[in-house]
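Here the structure comes first, spelled out in structure tokens, and everything after it is commentary.
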Amino acid sequence: MKMTTMKMKERLEKELAGADRTFRYDREKDTLKVTEAGNSITLSIPQIIANWEEQADVAVEKIVYYVEEGLKASQHKMDIQTSLPYVYPVIRATSFPQKTKDGKVLLTEQHTAETAIFYVVDVGASYRFIEEESLENTDVTIDDVRIAAFANLRARVTPTKKDSVSGNDYYFVRTNDGYDASRILNEPFLEEMRARIEGEMVLAVPHQDVLIIADIRNNTGYDVLAHMTMQFFADGLAPITSLPLVYNDGKLEPIFIMAKNRPKE
């Protein structure tokens with residue numbers, strides 16, 4: 001049976017129904033806004049339908065979990081001084097909103113031309129973005145948050161799964177702990193991977209739940225990575241960027257890959 005926008009909208013409202021929860025459907029944008037206690041999450045129904053066509057009910061279960069945990073995290077009371085053991089850096093697109101809906105500025109830093117670093121507090125199955133005002137009237141500085149966040153990230157296990165195509169190797173980090181893409185900030189891990197890689201090291205963070213590390217040894221490798229990255233980018237709940245990043249001398253540079261060709265310098 002074909003899934004329509006209205007059928008999916010009705011299913012989501014049924015699955016997410018709660019006493020203090022409201023829904024607002026935007027027919028023009030084809031989105032469903034879920035609001036609870038002044039906090040909201042907006043869902044793209046066409047994207048959910050596309051995922052449902054591939055994953056069936058699993059896609060809806062993932063969305064319900066994402067919304068439930070996201071709304072729970074948004075109600076978490078922030079105490080930055082006691083939260084330092086639970087802070088982490090997360091990667092997002094530079095277009096990701098840097099303010100909350102009520103105008104509070106989020107704690108962010110530059111990363112690359114395509115990506116930015118945000119800081120969050122882990123609250124179990126989700127996390128809450130840290131606002132700049134959380135540091136006001138405390139002894140905690142942005143440096144304190146950064147040092148703690150990167151140390152906490154490095155302490156996480158970073159397993160990889162390897163796949164090989166046409167003489168090129170691809171390593172995937174997919175633990176689904178919310179920090180897979182963010183492991184691109186783990187410099188010791190990147191250096192360890194660099195030592196294992198024989199060709200050019202190219203990374204991709206198409207969405208928050210995957211980090212791809214490619215050992216590119218021929219032109220076909222770039223083409224495979226480009227298609228792979230676009231597919232992940234289209235499927236992710238929190239897309240970041242479809243542009244891969246070349247890793248050289250500890251620096252990351254976004255590149256545009258033409259199909260079947262290595263990018264021209």
Side-chain angles (χ1 to χ4, degrees), residues 41 44 47 51 62-63 65-66 69-70 73 86-98 106-123 125-130 145-146 149-163 169-194 197 201-216 224-247 250-257:
I41 293 177
S44 169
Q47 182 182 5
N51 291 341
K62 286 181 179 180
I63 286 294
Y65 180 80
Y66 165 75
E69 294 301 328
Y86 311 103
V87 299
Y88 288 89
V90 294
I91 289 291
R92 287 292 185 270
T94 50
S95 59
F96 191 83
Q98 297 195 8
L106 299 177
L107 198 63
T108 66
E109 293 191 293
Q110 292 182 330
H111 183 233
T112 72
E114 293 293 317
T115 54
I117 301 171
F118 288 73
Y119 290 97
V120 302
V121 172
D122 191 289
V123 292
S126 187
Y127 47 67
R128 177 174 176 177
F129 286 88
I130 300 174
V145 173
R146 183 190 305 109
F150 279 67
N152 293 337
L153 181 68
R154 288 193 298 271
R156 283 188 172 256
V157 177
T158 306
T160 60
K161 290 186 177 181
K162 179 182 174 182
D163 192 11
D169 293 334
Y170 302 89
Y171 300 86
F172 301 85
V173 178
R174 299 195 73 185
T175 65
N176 289 315
D177 65 356
Y179 306 102
D180 288 324
S182 302
R183 284 171 168 83
I184 197 172
L185 300 171
N186 186 341
E187 190 64 32
F189 169 66
L190 297 188
E191 286 298 321
E192 178 186 321
M193 292 302 299
R194 175 68 266 183
I197 286 174
M201 182 170 169
V202 185
L203 300 95
V205 284
H207 64 69
Q208 76 163 18
D209 294 316
V210 64
L211 167 61
I212 305 171
I213 304 157
D215 183 350
I216 304 295
V224 171
L225 180 62
H227 284 85
M228 191 185 297
T229 304
M230 283 301 300
Q231 183 64 49
F232 275 109
F233 181 77
D235 293 343
L237 288 177
I240 299 177
T241 177
S242 60
L243 290 184
L245 303 147
V246 172
Y247 183 77
K251 296 181 180 180
L252 292 163
E253 291 293 338
I255 57 171
F256 178 75
I257 299 174

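The structure presented is a predicted model; accordingly, all values stated were derived computationally and were not measured. What you see below is based on every heavy atom in this structure, not just the backbone, and it leaves out hydrogens, waters and symmetry mates.
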For Val202 and Leu225, run side-chain contact (heavy atoms from CB on, under 4.5 Å): C-alpha distance rounded to whole Å, both residues' side-chain angles, the deciding distance at 0.1 Å, then the answer. CA-CA 9 Å; Val202 185; Leu225 180 62; 3.5 Å; yes
Steps toward side-chain contact (heavy atoms from CB on, under 4.5 Å) verdict (Tyr127, Val121): CA-CA 5 Å; Tyr127 47 67; Val121 172; 6.0 Å; no
Does Val145 form a side-chain contact (heavy atoms from CB on, under 4.5 Å) with Leu107? I'd like the steps, not just the answer. CA-CA 10 Å; Val145 173; Leu107 198 63; 4.0 Å; yes
Residue pair Asp180, Gln208: steps toward the side-chain contact (heavy atoms from CB on, under 4.5 Å) verdict: CA-CA 6 Å; Asp180 288 324; Gln208 76 163 18; over 6 Å; no
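Of all non-hydrogen atoms in Ala181 and Ile240, the two that sit nearest each other are CB-CD1, 3.7 Å. When all heavy atoms of Pro97 and Leu106 are compared, the closest pair comes out as O-CD1, 3.7 Å. Of all non-hydrogen atoms in Leu203 and Leu211, the two that sit nearest each other are CD2-CD1, 4.1 Å. Annotation for Thr229 and Ala204: closest pair OG1-CB, 3.6 Å, computed over non-hydrogen atoms. Looking at every heavy atom in both residues, Phe232 comes nearest to Pro206 through CB-CG, 3.3 Å.
The backbone N or O of Ala149 sits nowhere less than 3.5 Å from a side-chain atom of Arg146 that would complete a donor-acceptor pair. A donor-acceptor pair is defined here as one N or O able to donate and one able to accept, closer than 3.5 Å; such a pair exists between the side chain of Asn152 and the backbone of Val87. Side-chain atoms of Thr115 do not come within 3.5 Å of backbone N or O of His111 as any donor-acceptor pair. Judged purely by atom type and a 3.5 angstrom limit, Ser242 has no side-chain atom pairing as donor or acceptor with the backbone of Phe233.
In this structure, Glu192 CD and Thr160 OG1 are separated by 8.5 Å, a value rounded to the nearest 0.5 Å. Within the model, atoms CD1 of Ile130 and CZ of Arg128 stand 10.0 Å from one another, a figure rounded to the nearest 0.5 Å. For the atom pair CG of Leu245 and NZ of Lys251, the computed distance is 14.5 Å after rounding to the nearest 0.5 Å. Atom NE2 of residue His207 and atom OG1 of residue Thr241 lie 13.0 Å apart, to the nearest 0.5 angstrom. In this structure, OG1 in Thr158 is found 10.5 Å from CE in Met193, a value given to the nearest 0.5 Å. The OG1 atom of Thr94 lies 6.0 Å from the CD atom of Glu114; values are rounded to the nearest 0.5 Å.
Between Thr108 and the choices Phe118, Tyr119, Phe129, the side-chain contact (heavy atoms from CB on, under 4.5 Å) rule is met once, by Phe118. Screening Ile91, Asp209, Val120 for a side-chain contact (heavy atoms from CB on, under 4.5 Å) involving Tyr179 leaves a single residue, Val120.
Counting only heavy atoms from C-beta outward, the side chains of Ile213 and Phe189 approach each other to under 4.5 Å. Residues Ile117 and Val90 are not in side-chain contact: their nearest non-hydrogen atoms beyond the backbone lie 4.5 Å or more apart. Taking 4.5 Å as the limit, every side-chain heavy atom of Val246 sits out of range of all side-chain heavy atoms of Leu252. Side-chain contact between Ile255 and Leu243 is absent, with no heavy-atom pair separated by less than 4.5 Å. Under the 4.5 Å side-chain criterion, counting only non-hydrogen atoms from C-beta, Glu191 is in contact with Tyr247. For the pair Leu190 and Arg194, the minimum side-chain heavy-atom distance is 4.5 Å or more. Between Ser182 and Tyr88 the shortest side-chain heavy-atom distance does not fall below 4.5 Å. In this structure, the side chains of Asp215 and Met201 stay at 4.5 Å or more apart for every pair of heavy atoms.
Salt bridge status for Asp177 with Arg183: present, with a side-chain N to carboxylate O gap under 4.0 Å. In this structure, Arg156 pairs ionically with Asp122, as a charged nitrogen and a carboxylate oxygen lie closer than 4.0 Å.
There is no side-chain donor-acceptor pair under 3.5 Å between Asp163 and Tyr171.
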